[in-house]
Engineer: 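I'd like to ask some things about the structure below.
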Amino acid sequence: MTIPQDRLRQLPAVDKMLQLEAVTDLVLRYGRGSVVKALRAELECVRHAILNNQAAAIEAESILAQAAQRLNQHFLPSLRPVINATGVIIHTNLGRALLSQEAQQAVTEVAANYSNLEFDLDTGKRGSRYIHAEESLKELTNAEAALVVNNNAAALFLVLSALAKDHSAIVSRGQLVEIGGGFRIPDIMVQSGARLIEVGTTNRTRIADYAHAIVDDTAMLMRIHASNFRIVGFVENPTLEELAHLAHERGIYFVDDIGSGAMHNTEIYGLLHEPTVSESIAAGADLVLFSGDKLLGGPQAGIIVGRKVLIQKLKKHPLARAMRADKMCYAALSATLDHYRKNEFMAKIPIWRMIAASLDELEARALSWSQQIGQGEVIRSESAVGGGSLPGTTLPTAVLAITPTPTSTDGFAAKLRGVSPSIIVRIAEGRVLLDPRTVLPEQEDRLVSILKAIINDPL
Ligand SMILES: *Cc1c(COP(=O)(O)O)cnc(C)c1O
């Protein structure tokens with residue numbers, strides 16, 4: 001056996017390694033400094049192994065290969081695409097809605113070019129960014145005016161700060177929801193300086209409860225859509241018309257946070273009813289708030305539509321500047337709204353295509369996966385809309401169910417996360433389930449080849 005000192009002496013020097021042909025490529029890709037660092041780190045690992053009498057490859061090529069792997073890991077973007085095989089369409093943790101091709105294109109164009117973001121092309125003078133999605137939003141919702149901010153939580157905060165600070169806002173107890181990630185509507189309200197008045201009970205709130213709670217300093221009645229859960233049974237809530245009527249009779253506002261922002265009636269697609277923007281406007285809401293990246297299927301945004309005088313007030317509020325949407329958001333949002341204006345959203349917007357996918361089509365895809373990898377069974381299951389939309393609604397689907405051997409389901413799922421792109425799956429009843437509904441057709445080949453590789457190399 002060679003003594004460690006001999007092997008240490010045989011280790012290649014960093015300077016020598018830098019002259020290798022193969023290193024040139026790495027230097028071009030990652031920069032000289034990073035390559036030197038990676039080589040040093042790799043050599044240090046080998047030295048450590050040698051001194052501890054562990055096996056270690058000391059040839060320059062293998063050290064280089066290790067360093068290349070290290071660099072690859074090091075430069076892997078923190079935020080990167082994954083394959084969503086969970087069947088949860090608006091998956092909050094996986095980035096919610098996907099943009100249509102047209103919306104992606106619009107983002108790329110404004111990102112790569114100067115634009116008329118705040119420039120009036122007619123007058124040659126300074127313009128306002130707020131105009132960019134406004135006409136489309138007005139056209140689609142019948143509202144008088146619209147404003148886009150960063151997300152719906154910001155929209156809620158802005159509306160309360162501008163219209164209810166040092167005043168009270170009345171909300172039903174059944175609507176004081178937590179929207180996820182520990183963010184609670186009542187906390188947002190308190191931060192805005194509005195005084196929250198809770199009325200009714202968890203399951204029943206009557207119009208008289210609101211009427212009794214209105215006092216001199218009351219600024220608004222609010223409806224907050226309980227987006228991520230459903231109370232069924234002995235439930236009562238006033239209609240939007242009743243709330244709007246009461247508010248206006250008493251000279252205060254009615255603000256409706258509908259959460260998901262459906263543009264059309266969801267029942268016709270076999271789903272439950274989800275509040276739509278135009279029905280709230282039609283019912284008399286002064287302002288309606290919703291997200292851009294839930295059922296709308298666009299970029300992260302908070303959209304406020306409603307009465308012009310109020311939108312005007314919001315636009316002038318100092319907080320609006322702190323919450324303003326960026327140019328890429330406007331680009332993506334406008335392109336997304338155009339799909340609705342042209343009534344082509346079912347064909348163009350990814351989340352709607354996924355919702356509309358037929359069981360036959362999904363079954364055929366799952367079957368083709370199982371045939372290609374030679375494993376698993378196609379079974380019926382349920383996909384979910386997710387993203388705090390349509391709670392309790394599931395869509396019948398067909399999934400590929402794999403019983404991994406000899407690994408556990410958790411181990412198999414971890415392996416699928418460990419590859420690039422990571423594949424995120426659902427585990428149920430001791431099996432790993434892959435739902436084609438949320439897997440993009442262009443991802444299928446990668447998915448299949450990764451599955452094959454992992455199944456054939458279970459260790
Ligand atoms: C999702 C949701 C929000 C938060 O919207 P973000 O766009 O995620 O900030 C606020 N209110 C309701 C009712 C929601 O469903």
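Order of listing sets the numbers, starting from 1, for every ligand and every atom in it. Being a predicted model, the structure only gives us computed values, none of them experimental. We count residues from 1, following the sequence as given.
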Engineer: Taking both backbone and side-chain atoms of D293, is any N or O found less than 3.5 Å from an N or O belonging to ligand 1?
Structural biologist: no

Engineer: Applying salt bridge (charged side-chain N to carboxylate O under 4.0 Å, His left out) to K315 and E134, what does each step give before you reach the verdict?
Structural biologist: CA-CA 12 Å; K315 283 178 180 170; E134 189 161 13; 3.0 Å; yes

Engineer: Answer side chain, backbone, both or neither: which part of Q175 comes under 4.0 Å from ligand 1, heavy atoms only.
Structural biologist: neither

Engineer: Centroid separation under 6.0 Å, is that true for the rings of H264 and F345?
Structural biologist: yes

Engineer: H225 heavy atoms, cut-off 4.0 Å: which ligand 1 atoms fall inside?
Structural biologist: 13 (C)

Engineer: Do D217 and R195 sit within salt-bridge range, that is, some charged N less than 4.0 Å from a carboxylate O?
Structural biologist: yes

Engineer: When you check the gap from the basic side-chain N to the acidic O, do E109 and K327 get nearer than 4.0 Å?
Structural biologist: no

Engineer: Under a 4.0 Å N-O cut-off, is there an ion pair linking E144 with K308?
Structural biologist: no

Engineer: If you take the nearest heavy atom of each of G259, G302, S291, which one is closest to atom 7 (O) of ligand 1?
Structural biologist: S291

Engineer: Who gets closest to atom 6 (P) of ligand 1 by heavy atom: I224, I90, N152, V149?
Structural biologist: N152

Engineer: Does any N or O of ligand 1 fall below 3.5 Å from an N or O anywhere on A153, backbone included?
Structural biologist: yes

Engineer: When you measure from the heavy atoms of D257 to every atom of ligand 1, does any distance fall below 4.0 Å?
Structural biologist: yes

Engineer: Ion pair present between D286 and R307, side-chain N to carboxylate O less than 4.0 angstrom?
Structural biologist: yes

Engineer: Hey, is E274 close enough to K294 for a salt bridge, meaning N to O under 4.0 Å?
Structural biologist: no

Engineer: For ligand 1, note which part of K294 has a heavy atom under 4.0 Å away: side chain, backbone, both or neither.
Structural biologist: side chain

Engineer: So, 4.0 Å and heavy atoms of R96: is ligand 1 close enough to count as a contact?
Structural biologist: yes

